[in-house]
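Remember, it's a predicted structure, so these values are computed and weren't measured experimentally.
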Amino acid sequence: MNPTEAKPTGRVWLMFHEPTIRMRYLIESTRRGADEPELYQVELDLCWMPWLASAGIGDIAAASHGWGGDGEQVVEPRLVEHPGLLEALIAASWDRNTVDGTEPEQVLAERFRLHRRVDDLEAALLKQGKHVPRPRRDHGVTMAMMQAQSEFADRVSTRREVAFDEEDVSFVLNEWNEASFQGTEWTITEHRVQHHRNLLGDYYEDSTEILELLAEWVRFLGERTDADPALVERTEAVARGAQRSATACPDIDDLD
């Protein structure tokens with residue numbers, strides 16, 4: 001490594017903006033001769049695959065400023081103590097589909113720096129004897145989510161005159177799990193549900209029943225997490241075919 005290059009310390013701060021399923025990572029690094037450490041900031045949209053929204057040198061105060069919108073609680077950075085929370089960051093550094101070429105020039109340039117930054121971070125963590133999660137499609141399911149999905153499967157087989165097909169239930173839940181990074185699996189947004197709706201529509205010639213199942217799952221998650229009833233209604237509508245509102249991830253193009 002060039003002695004003037006940034007050298008990660010292994011410390012990372014994370015911010016999670018639940019309404020848009022975005023994560024900001026602040027990777028601490030040092031440079032020889034510098035008085036203070038620098039922070040490399042990466043923001044990811046995680047409604048589906050990791051999507052690089054922005055990257056570059058930042059600081060904790062600036063990262064907290066202006067994120068969350070008027071009237072929303074300020075999102076404070078917290079030091080990452082569980083390596084599993086780095087999963088989305090590591091996946092983004094390896095995934096070639098984190099940009100599509102239409103982003104601002106700065107984002108496209110940082111896409112190529114991101115892999116080196118994260119690679120150096122992994123090396124620092126391993127040197128400290130810490131576990132580093134590997135990028136994968138099967139992100140694993142927490143025990144709490146497994147229990148919730150089991151309850152959901154029982155619910156949709158008993159609350160309807162005609163029960164949903166068990167294979168359809170498994171398919172919807174498995175696809176949800178595969179697209180949810182650790183820390184995001186309970187969150188519903190119009191954008192996320194739109195992606196799932198389009199995916200299911202590709203698999204099923206007659207998707208009416210399967211999309212009704214997706215809507216049921218969205219409502220179940222909303223009830224479990226005490227989500228805003230208006231958000232639950234909007235996401236249910238998107239699951240059944242409505243367009244997402246213009247304010248849902250407005251700066252991210254449809255990826256479908």
Check whether any side-chain heavy atom of Leu86 sits under 4.5 Å from a side-chain heavy atom of Tyr25, and report yes or no. yes
Is the backbone of Cys47 close enough, under 3.5 Å, to the side chain of His191 for a donor and an acceptor to pair up by distance? no
Applying side-chain hydrogen bond (donor to acceptor under 3.5 Å, both in side chains) to Thr184 and not counting sequence neighbours gives Arg192
Please report the shortest heavy-atom distance between Leu125 and Gly10, naming the atom on each side. CD2-O, 3.5 Å
Measuring from atom CH2 of Trp176 to atom CD1 of Ile188, what distance do you get when rounded to the nearest 0.5 angstrom? 7.0 Å
Using the side chain to side chain contact (heavy atoms under 4.5 Å, CB included) criterion, which residues pair with Arg117? Sequence neighbours excluded. Ala6, Ser29, Arg31, Glu38, Tyr40, Ile57
Asp226: partners by side-chain hydrogen bond (donor to acceptor under 3.5 Å, both in side chains), with sequence neighbours left out: none
Are Met15 and Glu76 close enough that some pair of their side-chain heavy atoms sits under 4.5 Å apart? no
Taking Asp119 for the side chain and His115 for the main chain, is one N or O donor matched with an acceptor at less than 3.5 Å? no
As an exercise, state the distance from CZ of Arg78 to CH2 of Trp13, rounded to the nearest 0.5 Å. 13.5 Å
Do Leu46 and Phe16 pass the side chain to side chain contact (heavy atoms under 4.5 Å, CB included) test, and can you show the C-alpha distance, the side-chain angles, and the key distance before you say yes or no? CA-CA 10 Å; Leu46 298 173; Phe16 179 41; 5.8 Å; no
Could you give me the CA-CA distance, side-chain angles and deciding distance for Leu121 and Val12, then say whether side chain to side chain contact (heavy atoms under 4.5 Å, CB included) is met? CA-CA 9 Å; Leu121 171 62; Val12 181; 3.8 Å; yes
With side chain to side chain contact (heavy atoms under 4.5 Å, CB included) as the test, would you mind laying out the steps for Asp45 and Thr20 before giving the verdict? CA-CA 7 Å; Asp45 177 288; Thr20 55; 5.6 Å; no
Relative to the ring of Phe220, is the ring of Trp217 parallel (under 30°), tilted (30 to 60°) or perpendicular (over 60°)? parallel
More than 12 non-hydrogen atoms from neighbouring residues, nucleotides or ligands closer than 6.0 Å to CD on Glu81, yes or no? no
Hey, does Pro77 have a side-chain heavy atom less than 4.5 Å from the side chain of Leu14? no
Would you name the heavy atoms of Thr225 and Leu221 that are closest together and state the gap between them? OG1-O, 2.8 Å
With sequence neighbours left out, write down each residue that passes salt bridge (charged side-chain N to carboxylate O under 4.0 Å, His left out) with Glu18, or none if nothing qualifies. none
Which pairs count as salt bridge (Lys or Arg N to Asp or Glu O under 4.0 Å) when at least one residue sits in residues 141-152, sequence neighbours excluded? Glu151-Arg224
Please report the interatomic distance CD(Glu175) to NE2(His196), rounded to the nearest 0.5 Å. 7.5 Å
What heavy-atom pair brings Pro37 and Thr30 nearest, and what distance separates the two atoms? CB-CG2, 4.3 Å
Can you list everything that forms a ring-ring contact (aromatic ring centres under 6.0 Å, His included) with His82? Sequence neighbours excluded, please. none
Just verifying a value: how many Å separate Leu213 CG and Phe164 CZ, rounded to the nearest 0.5 Å? 5.0 Å
Could you work out, with salt bridge (charged side-chain N to carboxylate O under 4.0 Å, His left out) as the rule, every residue matching Arg11, not counting sequence neighbours? Glu28
Using the test side-chain hydrogen bond (donor to acceptor under 3.5 Å, both in side chains), find all partners of Arg197 that sit at least two apart in sequence or belong to another chain. none
Donor-acceptor under 3.5 Å (Ser150 side chain, Met146 main chain): no
Who passes side-chain hydrogen bond (donor to acceptor under 3.5 Å, both in side chains) against Glu36, sequence neighbours left out? none
Using the salt bridge (charged side-chain N to carboxylate O under 4.0 Å, His left out) rule, take Glu216 and Arg219 through it: C-alpha gap first, then chi angles, then the decisive distance, then the call. CA-CA 5 Å; Glu216 291 263 6; Arg219 172 164 289 280; over 6 Å; no
Distance in Å, Arg244 CZ paired with Thr235 OG1, rounded so as to fall on 0.5 Å steps: 13.5 Å
Using the test side chain to side chain contact (heavy atoms under 4.5 Å, CB included), find all partners of Tyr204 that sit at least two apart in sequence or belong to another chain. Asp168, Phe171, Ser207, Ile210
Enter the distance from Asp120:CG to Thr9:OG1 here, rounded to the nearest 0.5 Å. 12.0 Å
If you look at every heavy atom in Pro83 and His131, which pair is closest and at what distance? CB-O, 3.1 Å
Should Leu39 and Ile27 count as side-chain neighbours, where that means a heavy-atom distance under 4.5 Å? no
Does any part of the side chain of Asn177, heavy atoms only, come nearer than 4.5 Å to the side chain of Met145, both counted from C-beta? yes
The criterion is side chain to side chain contact (heavy atoms under 4.5 Å, CB included); which residues satisfy it with Ala144, sequence neighbours excluded? Thr142, Trp186
Nearest heavy-atom contact between Phe152 and Leu173 is CD2-CD2, 4.0 Å
Residue pair Val238, Gln243: steps toward the side chain to side chain contact (heavy atoms under 4.5 Å, CB included) verdict: CA-CA 6 Å; Val238 171; Gln243 292 299 310; over 6 Å; no
Compare all side-chain heavy atoms of Glu43 with those of Met23 and state whether any distance is below 4.5 angstrom. no
Ser170: what forms a side chain to side chain contact (heavy atoms under 4.5 Å, CB included) with it, not counting sequence neighbours? Asn174
Least distance between heavy atoms, Ile90 atom then Glu122 atom: CG2-OE2, 4.0 Å
